[in-house]
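First comes the structure, then the notes that go with it.
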Amino acid sequence: MLTEPRAGRLAAWGNALLAGLVSPDDTVLAIVGEDAVHRVEGLPSESGQVGLTLALGRLRTLGVTGLRVALPAPGHPLGLSGPPEFNARALEAEEAVVCHGAALGLVPDVYEAGPEGVQVEVVWHVLPVREAPPADVPSLGEAERELAEALREATEVLTRLDVAGSGPVAEAAVDAYRARAERGREVLAPGYPPRAVRVLELAQRVGALIAVATESGAGGAVSASEISARREALRAVERTARRAQVAAYNSVVEERERGVR
């Protein structure tokens with residue numbers, strides 16, 4: 001949760017490109033980010049790997065009008081609609097992109113390359129998907145309310161157990177994350193509503209807090225019941241934060257379906 005998922009970058013900037021709000025070159029630069037290169041494999045009528053520019057153009061010609069994000073976890077197929085083969089690949093990668101307008105999805109494979117693995121190469125595998133509503137994706141309004149409530153509840157539990165991760169080290173870690181997040185980073189691509197940006201920023205801040213609390217181990221919890229309560233509190237808010245991220249990334253497609261945009 002500390003870093004933006006690659007599926008999020010692909011969906012957000014792919015949606016902006018499909019809407020004619022950004023150029024192909026700017027789209028590819030934003031999607032690749034600090035990675036070395038992204039390629040796409042398995043496109044219909046393509047026998048090998050192709051670059052992102054060609055792949056996004058080909059998806060448009062195949063009828064794709066929008067891109068959704070899935071961020072599944074064990075027991076929580078968030079954003080997925082099947083079939084089982086695609087769901088399994090997405091669960092293994094912990095992320096995927098699902099096309100709207102064509103029954104296709106993309107799952108990334110990430111490879112380290114170059115000396116000492118300093119470069120990262122990504123291959124997006126195109127696979128068939130089931131055309132059905134994505135699992136467990138809330139609306140933006142629902143996601144915002146749920147995230148705020150989950151954060152309050154988790155804070156109360158963790159504070160009561162004295163395991164909220166408060167203290168100089170934890171505060172420094174969160175401050176460092178926020179500094180990185182604010183240093184020239186564009187949270188979403190052009191075309192997204194301000195509420196989506198707000199929800200995604202909050203979800204990512206919550207993700208930073210979860211990471212700090214997780215890295216602190218059991219925190220101040222001593223008994224087995226306290227450790228279990230801490231774990232459950234973190235799990236609940238992490239699940240809610242993932243749902244909020246997906247809602248933010250998918251908001252443009254959802255609004256188009258409702259005729260809002």
Side-chain angles (χ1 to χ4, degrees), residues 4-32 37-72 77-91 93 95-109 122-140 188-193 196 200 245-261:
E4 186 178 18
R6 291 181 173 88
R9 293 205 306 265
L10 176 59
W13 287 89
N15 283 328
L17 178 66
L18 291 169
L21 300 175
V22 293
S23 70
D25 288 345
D26 288 344
T27 299
V28 171
L29 285 174
I31 293 172
V32 173
V37 65
H38 284 217
R39 299 184 182 91
V40 180
E41 184 177 272
L43 273 170
S45 303
E46 292 290 341
S47 58
Q49 296 180 0
V50 300
L52 275 176
T53 302
L54 175 59
L56 290 168
R58 182 61 53 82
L59 289 175
R60 186 198 295 269
T61 63
L62 291 170
V64 174
T65 58
L67 301 171
R68 289 188 173 103
V69 169
L71 297 178
L78 176 61
L80 299 176
S81 57
E85 294 80 4
F86 180 79
N87 286 6
R89 291 284 294 269
L91 180 59
E95 59 180 316
V97 172
V98 179
C99 298
H100 178 65
L104 298 170
L106 299 92
V107 179
D109 267 341
V122 180
V123 175
W124 293 90
H125 298 275
V126 180
L127 301 165
V129 299
R130 181 180 298 141
E131 293 186 287
D136 199 35
V137 179
S139 68
L140 268 180
L188 281 172
Y192 276 83
L200 184 57
Q245 276 194 302
V246 172
Y249 285 122
N250 295 2
S251 59
V252 167
V253 177
E254 303 303 332
E255 288 188 351
R256 288 175 189 161
E257 283 191 323
R258 296 196 306 270
V260 176
R261 300 179 72 82

Where is the tightest heavy-atom contact between [X] and [Y], given as atom of each residue plus distance?
X	Y	value
Ser251	Pro193	OG-CD, 3.9 Å
Ala189	Ala16	CB-CB, 3.9 Å
Ala248	Tyr192	O-CE2, 3.3 Å
Arg58	Thr61	O-OG1, 2.7 Å
Val97	Ala7	CG2-O, 3.5 Å
Pro83	Arg130	CD-N, 3.6 Å

_For Pro108, is there any backbone N or O sitting under 3.5 Å from a side-chain donor or acceptor partner on Glu95?_
no

Sidechain-backbone polar pair: Arg89 side chain, Ala96 backbone, donor-acceptor under 3.5 Å: no

Exercise. Test side-chain contact (heavy atoms from CB on, under 4.5 Å) on Leu56 and Leu10 and set out the steps.
Key: CA-CA 10 Å; Leu56 290 168; Leu10 176 59; 4.3 Å; yes

Check whether any side-chain heavy atom of [X] lies under 4.5 Å from a side-chain heavy atom of [Y], and answer yes or no.
X	Y	result
Pro5	Leu71	yes
His100	Leu67	no
Asp109	His125	yes

query: When you check the side-chain N and O atoms of Asn15 and Tyr249, is any donor under 3.5 Å from an acceptor?
result: no

From the list Val122, Val40, Leu29, Thr27, side-chain contact (heavy atoms from CB on, under 4.5 Å) with Leu52 holds only for Val40

[atom1] of [X] to [atom2] of [Y]: how many Å apart, nearest 0.5 Å?
X	Y	atom1	atom2	value
Leu127	Phe86	CG	CZ	6.5 Å
Leu78	Leu91	CG	CG	11.5 Å
Asn250	Gln245	CG	CD	11.0 Å

side-chain contact (heavy atoms from CB on, under 4.5 Å) between Leu54 and Glu46, intermediate numbers included: CA-CA 10 Å; Leu54 175 59; Glu46 292 290 341; 4.2 Å; yes

